[in-house]
Each structure stands twice: as structure tokens, then as C-alpha cells.
Q: 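Supplied in C-alpha cells, the structure appears directly below.
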Amino acid sequence: MPELPEVEIVKRGLAELIIGLKIKEVDSSWHKSFQASKTDTAQFLLGAKIISVRRRAKVLIIDLDSKYSLVIHLKMTGQLVLRSDAAVFGAGHPNDSLVAKLPDRSTRVVITFDQGKLFFNDQRKFGWIKLLPTIEIPNIDFFKKVGPEPLASDFKSVDFVERFKRKQNSLIKAALLDQTVIAGVGNIYADESLWAAKIHPSNKVKDVSDAKLKLLFEELKFVLKLSIEKGGSTDKNYVNAEGKKGSYLSFARVFRRENQPCPRCGTTIEKIRVASRGTHICPKCQR
DNA sequence: CACTTGACCTGTCCGC
DNA sequence: TGCGGACAGGTCAAGT
């Protein structure tokens, strides 16, 4: 779930809800979920105020006034959900019912603010929160290698085509999922955009024309924007910072729609494996 | 080097 | 119902 649109939605929600709050306490029940030394936590996290929330690729960054930041990756099943004071004290806050059961058995980290608590839930424990000096973030390996943001206004289709050209022998789907080629695309939006551009995901990049690559770029931007509008995709786990689900999957054309008719030609959608990922295609439209 | 596969985890679903 | 195995939206390290 958490691909670019989902992380963007969480970012926007958190920016509304937690900027200005002061961190009072942090508890973690799984060592990999919260990675920070005791001394850094005491010195740069506890007592710090949140000054901004950012996203780069599928990574969230919460900047603190201590010149440190919480860097967060939700991976497959991570959730970041805020429970406000009103909810804590049972005053009928709008997200009361959504957060009433928190913490639950998948809660890995709880950050307590002067008002409210932020829960990091992560069923599969793949996600993580790290405390790092803000200035060091661009130097971590992932950020040094990650490709451009597909929705950045200065990222043009010629740049998109040029970056794919460097992956001539990769399968087009593998290249789309490769974060060093382009940031933020995961399995859902890879399948959706390849269907829209009528490209078979098993095609090698070198066998896809420039015109098709440009079309793919346009369709990718379209599905990413549509999903952000719809609050992201919720299959099982994804929720936003208020604990609410996204509705993009009800607009999806192929993802999780195996055995249903292709919305373009009516052919039955198939689920296959490409680049060792579950992959949804229309066998007639995509060749 | 470029590219693919396995590992990290828990939970669920499917077939026997 | 019970049990084994495959699979799930992401990313690295290790392998070919």
C-alpha cells in the first residue's frame, strides 16, 4: 500500500495535525521499528518540537527544532495514526472510533506529544523510524541513489525516457519499480500505468518505443494524481494519519481485478508473475 | 557490471 | 477444523 500517493496523504495529514507539537515520550516494542540511540533520543527527540513534515519517494521526514529528524519508511504494512487529546479523553473527537483500539498488537512505536499520541503500527515489522541529524538525510544511501519525483513540475517526459534508457535490458515493470530510476512507484501504480499505456510488463525496456515511454509517463502521473485525490489505495492495512482508508482501488482498472473484464476491451484480466511480483494485465490490450 | 532472487516478518487464504 | 505452503503493497544484500 504505502506507495507515493499513500505516503503523500499521510504526510499531508500529519502536517495538519502535528506541526508545533512537543514530543514528551517515545516507547518501542521492537528494536528494528525505532532505531535511535538512548543518548540521541534523550538529547534530540524528547522535548523537541515538530517544525515540518516532508516526503521524498516513499519516505516520510518529520523535522524537529533540535536539528534532528524522524525518518520513516512504512514498507508494506506500516501505519502512522494520530490520536488527539480529545480522543484520548473521550470527548467525541471525529476519529475516536477509528483509533479507539490503539495501541493494538501491531503497534511497534508510540510517540507521546504534549497533546495526543502518534501510533506506528506495522504488522510485518518491515518498516522503521530512524532519528537522524536533518543535515545528514541527503547523505544516506537511499537518498543519494533515488530517482526524481514523477510529479515534480521540473521533471519532463524527455527526462523520464532518458532515465529508462539506462535500463535497456530490464523488464519495463522492474524498471518502473526501481527507485533509482524514478521515485515512489510500487506494484499498484506500476500495473495501473502499464495497463493504461498498453504495455506488457514483461517487455524489455529496449523494446518499448519512446512514444510508448512518454505515454507511460503521462499515464503514471495520471494514476498517481487520481490516487492522491481519492486518499490512496487501501487493500488491507493502509490508513491515513486519522485512521481512515483510501478509495483508489475502487477506481483501479487492473490491480486486484483478475478474472474481471478489462474496462477497455472486455477481455478477462489475468494475474501473472513479472519480476517476481504479482502482476495484473489485460492479455489483449498489453503486448 | 547489470540484473534477479532471497531475506526480512506476520497474517491470511487456499487446497488437501 | 487442521496443517502446510504460497502469497501480500518494499527494499537491501547476496547471488548469477
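In the text below, chain A, chain B and the rest are named by the order of the sequence lines, each starting its count at 1. What you see is a predicted model, and the numbers here were worked out from it, not measured in a lab.
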Q: Can you check the A:Leu177 CG to B:dT4 P distance for me, whole Å?
A: 11 Å
Q: Of the options B:dC3, C:dG10, B:dT4, whose atoms approach the side-chain atoms of A:Leu171 most closely?
A: B:dT4
Q: Suppose you measure atom P in C:dT11 against the same atom in B:dT12; what distance do you get, rounded to whole Å?
A: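 Here C:dT11 and B:dT12 have their P atoms 24 Å from each other.
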Q: Please tell me which of A:Phe126 and A:Asp141 maps to the more 5' nucleotide of DNA chain C, matching each residue to the nucleotide holding its nearest heavy atom.
A: A:Phe126
Q: OP1 or OP2 of B:dT12 less than 4.0 angstrom from a side-chain nitrogen or oxygen of A:Lys236, does that happen here?
A: no
Q: Rounded to whole angstroms, how far apart are CG on A:Asp122 and P on B:dG11?
A: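 In whole Å, B:dG11 P lies 11 Å from A:Asp122 CG.
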Q: From C-beta outward on A:Lys125, which listed nucleotide comes closest to its side chain: B:dC3, B:dC9, C:dG10?
A: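 Out of B:dC3, B:dC9, C:dG10, the nucleotide with an atom closest to A:Lys125's side chain is B:dC9.
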Q: At less than 4.0 Å, is any side-chain N or O atom of A:Arg277 found next to OP1 or OP2 of C:dG10? Yes or no.
A: yes
Q: In whole angstrom, give the distance that lies between atom CH2 of A:Trp30 and atom P of B:dC8.
A: 11 Å
Q: List the residues meeting salt bridge (charged side-chain N to carboxylate O under 4.0 Å, His left out) with A:Glu162, not counting sequence neighbours, and say none if there are none.
A: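 A:Glu162 satisfies salt bridge (charged side-chain N to carboxylate O under 4.0 Å, His left out) with no residue once adjacent residues are dropped.
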Q: If you measure only the distance, is there a donor-acceptor pair under 3.5 Å linking the side chains of A:Asn187 and A:Lys173?
A: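 Yes, A:Lys173 and A:Asn187 have a side-chain donor paired with an acceptor closer than 3.5 Å.
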Q: A:Phe142 has a side chain; which of C:dC12, B:dT10, C:dC7 sits nearest to it?
A: C:dC12
Q: Pick the closest DNA chain C nucleotide for A:Gln123 and for A:Lys145 by heavy atoms, then say which residue is nearer the 5' end.
A: A:Gln123
Q: Considering only C:dT11, B:dC3, B:dC8, which nucleotide approaches the side chain of A:Ser170 most closely?
A: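 Closest of the options to the side chain of A:Ser170: B:dC3.
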Q: If you check every side-chain atom of A:Lys75, which of C:dC7, C:dT11, B:dT10 has the closest atom?
A: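 Closest nucleotide among those given: C:dT11.
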